[in-house]
Amino acid sequence: MRTTLILAAGGRSSRFRKSLEDKKSREIPKLSLRSLPSKIFLSLNGKPLLEHSLDVFRPFRNIREIFVAVPPGEETRMQGRIREFKKCPVKIVRGGRTRAESVWNALRKSDPNNEWVMVHDAARPLVSRGSIQKLFQSRKGADGVILAAPVVSTVKEIGAQEFVTRTVDRQMLVEAQTPQLVRRQLLMKAYRENPRALSETDESALLESVGGRVKVVIQEEWNPKVTTVKDLELAEAYLRQGKGMIVRTGFGRDTHRLVPGRKFWIGGIGIPFEKGPFGHSDGDTLLHAISDGILGVLAQGDIGDWFSDKDPNLKDIRSTKLLRKILANASKQGWSLCHVDTVIILERPKLGILKLRIKKKLSRLLNLPPDCVSIKAKTAEGLGPEGQGDAITCEALVTMRKEER
Ligand code: MG
């Protein structure tokens, strides 16, 4: 049974962003909430949420193609980010205004030879292989099979002014989750014939609207939708299952000369200035300090041991690439970032508002929420090479953790 998998990740993570904002960080309200990284790239137990949601489907050989629907305008960036996983070929499609529209965009591009379509919310990273298997096994005689949870609370129907009008029999209710496995042809038909298709909130509703028979598989394990920062923290605790953590800090420090004719790279962004850091790479001093901090946690030398300044292939290389390699190596050894605290010592240019852009960029590069990335900028009061505007120095204190074995 050939199947197309569609991961719905087209949402703007607005509730998640709101929950970040509620943490009352002084800086986050200043960041445009739209520009914060999508929650699906935030780290959950050492790897991005989206990667959990992709990994769980990997053993299923009948899944022949995978689509990820991403927020409109983020296709290129997401393509780059997803390529970093380098594990499975994933096709990116533009998300729509609604979840149903996102799925429709993917569905239209999917291979018509795949008889079944499985849709999953990328924000449900904890779904188990067993549940997915059960969905596939239960499809016989049905047009669709969905994962659902029993309703445990007493359910009320409310009317005007929030007065209860009646108590609903919860025995007859389940809460629909994902994945949802549906027949491709019938789903296509629903999109074409149901005039309200694009506002239906799940695939089951679409099938129901054209008379499809949808079966329910009761979910026994925890399959939360990560909607707020709290959910992310809970999911992390669940994955850790009470295992202890080793926490280490690493320190990194780097200085580069500032010379004319070089682009000024700092924290992965290029800023306009008459000089730039001299170096074999792009000279991104902040990323070098952070990279050295990470290597400090691992006790595995420094960035110069890893990337020689004699290597012609590394001439003018972007330090974001070097940092990614160092991060990938740390993650292979089980380490994940918790927090990065940095100091930039620079007389000119004044960083001011750029600090927020750097923070945003680092948060993306490091898969950390912005409230775990600290950027501090200092001048050297006119003293020394930094004070004279001849050099930039950066320091980074990096905190990482690893599961105890
Ligand atoms: Mg350096």
Side-chain angles (χ1 to χ4, degrees), residues 84 248-331 335 337 339-351 354-355 357-368 373-380 383-400:
E84 284 164 31
R248 280 193 194 169
T249 51
F251 179 64
R253 180 186 166 95
D254 195 29
T255 298
H256 279 255
R257 276 195 292 134
L258 294 178
V259 296
R262 287 277 295 182
K263 183 154 184 182
F264 202 122
W265 288 103
I266 180 162
I269 65 170
I271 59 177
F273 191 57
E274 71 231 28
K275 292 187 195 175
F278 182 75
H280 187 63
S281 66
D282 64 3
D284 193 322
T285 320
L286 182 58
L287 294 191
H288 295 177
I290 293 171
S291 300
D292 269 355
I294 297 168
L295 289 171
V297 166
L298 272 60
Q300 288 180 348
D302 59 47
I303 194 170
D305 298 331
W306 282 68
F307 306 104
S308 162
D309 59 4
K310 306 283 181 296
D311 184 346
N313 295 322
L314 299 180
K315 180 95 189 87
D316 292 325
I317 192 170
R318 290 291 310 280
S319 299
T320 46
K321 279 197 182 163
L322 309 180
L323 174 65
R324 283 200 184 106
K325 280 191 183 162
I326 285 172
L327 264 178
N329 167 63
S331 139
W335 289 101
L337 280 169
H339 186 258
V340 172
D341 185 19
T342 64
V343 179
I344 303 165
I345 304 158
L346 179 67
E347 205 72 19
R348 274 192 329 125
K350 288 274 174 274
L351 292 179
L354 289 172
K355 282 201 294 180
R357 271 186 61 204
I358 296 170
K359 183 188 180 82
K360 227 162 59 186
K361 179 73 182 183
L362 281 184
S363 153
R364 279 180 186 161
L365 282 171
L366 304 170
N367 295 327
L368 280 174
V373 177
S374 148
I375 313 281
K376 302 196 276 328
K378 306 272 156 190
T379 68
L383 298 170
E386 290 89 357
Q388 294 297 309
D390 293 330
I392 171 172
T393 290
C394 293
E395 295 178 325
L397 202 57
V398 173
T399 311
M400 298 184 87

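Atoms within each ligand, like the ligands themselves, are counted from 1 in listed order. None of the values given here were measured: they were computed from a predicted structure. Atoms considered below: every heavy atom in the structure, side chains included; atoms not considered: hydrogens, waters and symmetry mates.
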Between [X] and [Y], is any pair of side-chain heavy atoms under 4.5 Å apart?
X    : Y    : result
K275 : D390 : yes
L323 : I294 : yes
V343 : T393 : no

Considering all heavy atoms of both residues, which atom of F278 and which atom of R262 are nearest to each other, and what is their separation? CA-NE, 3.9 Å
Take the Mg ion (ligand 1) as the vertex and measure to NE2 of H256 and ND1 of H288; round to 10°. 90°
What N, O or S atom of D254 is found closest to the Mg ion (ligand 1)? OD2
Is D284 close enough to the Mg ion (ligand 1) to have an N, O or S atom under 2.8 Å? no
